[in-house]
Amino acid sequence: MKKIVAVLVASGTALLASCGGGAGDAGNSSTLLAGGASEQPAYLGTWQAACDGHERQVLVVALKGDGSGALELTPTTETYFEAGCGGALLATESMSATISAAPDGIADILLKLPHNAGLSDVRIDKRTLSIPAFSFAVTGAGVEYLLKDGQQQWCISHDGGASCVLDEGARPAQSIAGGLFLRDNQLYTVVKVGDSYVHDTLYRKK
């Protein structure tokens, strides 16, 4: 979801590499759990991505309460004191608004998945990802809000040094095409770049 947020912030600019060639994987097709209200619960809950250094992406998926079948996606980034996401939780980066993921049908696509050299044949639950005007904030006991290099930044000190996040203020409302699918009790997010979809983030249930 971090990449989806990045694409939203960049107004749809392609931040991800396009899929390369490779052998098909039709025998490993995903099971679609999408479209009807009775199937929506498969997506709901709290998911987390693999740790990346000191950071971990967390995604909370809830059903929007307007009967539209849309989901509400709330991504956050957690920063820990130790590499491998160990030790104390120092900071949480969050958005001031949730991402709405409205249903937009289904699609059978070839997709390059993590740790797979070839392409996999998957069926995705297409979603229109929209977010109203928003801003980011970083909170937590390990956060300092500083003026650094002429810009306001949130800085977090950990055992590897420090990392800082720019405060870029309010962002305009944006929308992109994306999608979700489940495989082996894992949640995959995809984003449309040009005429094709590319893998965004892999989450496991927390």
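Annotation for Val138 and Ala91: closest pair CG1-CB, 3.8 Å, computed over non-hydrogen atoms. Across all their heavy atoms, Thr77 and Gln57 have their closest contact at OG1-OE1, 3.0 Å. Summarising the geometry of Pro132 relative to Thr98, their closest heavy-atom pair is CD-O, 3.8 Å, with the distance given to 0.1 Å. Annotation for Lys205 and Gly45: closest pair CE-CA, 3.9 Å, computed over non-hydrogen atoms. Minimum heavy-atom separation, Ser175 to Ser130: OG-OG, 3.1 Å. Between Lys126 and Ala107 the shortest heavy-atom distance is CD-CB, 3.7 Å.
One hydrophobic cluster, built from ILVMFWY side chains closer than 4.5 Å, holds both Val193 and Leu180. Residues Leu59 and Val191 fall within the same hydrophobic cluster, defined by Ile, Leu, Val, Met, Phe, Trp and Tyr side chains chained together at heavy-atom separations under 4.5 Å. Hydrophobic clustering (side-chain heavy atoms under 4.5 Å, transitive across Ile, Leu, Val, Met, Phe, Trp, Tyr) keeps Val165 apart from Met95.
Listed by chain and number, the residues in a side-chain contact (heavy atoms from CB on, under 4.5 Å) with Lys64 are Asp66, Ala70, Glu72, Ser100 (sequence neighbours excluded). Ser96 is linked by a side-chain contact (heavy atoms from CB on, under 4.5 Å) to Phe134, Ser135, counting only residues two or more places apart in sequence or in another chain. For Tyr188, the ring-ring contact (aromatic ring centres under 6.0 Å, His included) test picks out Phe181, His199, with sequence neighbours left out. Applying the side-chain contact (heavy atoms from CB on, under 4.5 Å) criterion to Gln48, with sequence neighbours excluded, gives Arg56, Val58, Lys206. Partners of Ala177 according to the side-chain contact (heavy atoms from CB on, under 4.5 Å) rule, which considers only residues two or more places apart in sequence or in another chain, are Lys192. Partners of Asp104 by side chain to side chain donor-acceptor pair (under 3.5 Å), not counting sequence neighbours: none found.
Counting only heavy atoms from C-beta outward, the side chains of Leu73 and Arg127 never approach each other to under 4.5 Å. Between His158 and Ser163, some side-chain heavy-atom pair lies under the 4.5 Å cut-off. The shortest side-chain heavy-atom distance between Thr76 and Glu93 does not fall under the 4.5 Å cut-off.
Annotation for Val60: hydrophobic cluster partners, listed by chain and number, are none (ILVMFWY side-chain heavy atoms under 4.5 Å, direct or chained). Hydrophobic side-chain contacts under 4.5 Å tie Leu166 to no other Ile, Leu, Val, Met, Phe, Trp or Tyr residue. As a member of the Ile/Leu/Val/Met/Phe/Trp/Tyr network built from side-chain separations under 4.5 Å, Leu89 groups with Tyr80.
Atom-to-atom distance recorded for Thr74:OG1 and Ile99:CD1 is 8.0 Å, nearest 0.5 angstrom. Of the inter-residue distances, the one linking Trp47 atom CH2 with Gln186 atom CD reads 8.5 Å to the nearest 0.5 angstrom. Once rounded to the nearest 0.5 Å, the distance linking CZ of Arg183 with CG of Leu202 reads 11.0 Å.
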Considering only distance and modelled atom types, tabulate donor-acceptor pairs under 3.5 Å from the side chains of residues 140-149, sequence neighbours left out.
{"residue": "Tyr145", "atom": "OH", "partner": "Asp167", "partner atom": "OD2", "Å": "2.6"}

*asked:* Under the criterion side chain to side chain contact (heavy atoms under 4.5 Å, CB included), I'd like the reasoning laid out for Arg204 against Leu187: C-alpha separation, chi angles, the key distance, then a yes or no.
replied: CA-CA 6 Å; Arg204 292 175 173 83; Leu187 175 65; over 6 Å; no
*Should Leu63 and Leu44 be marked as a side chain to side chain contact (heavy atoms under 4.5 Å, CB included) after you check the CA-CA gap, both sets of side-chain angles, and the distance that decides it?*
CA-CA 7 Å; Leu63 184 63; Leu44 306 185; 4.3 Å; yes
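Screening Val198, Asp200, Val122, Leu111 for a side-chain contact (heavy atoms from CB on, under 4.5 Å) with Val190, the sole residue that qualifies is Leu111.
The closest side-chain donor-acceptor pair between Thr92 and Glu78, if any, does not fall under 3.5 angstrom.
Applying the disulfide (SG to SG under 2.5 Å) test to pairs two or more places apart or on separate chains, those with a residue in residues 116-206 are Cys155-Cys164. Applying the disulfide (SG to SG under 2.5 Å) test to pairs two or more places apart or on separate chains, those with a residue in residues 68-114 are Cys51-Cys85.
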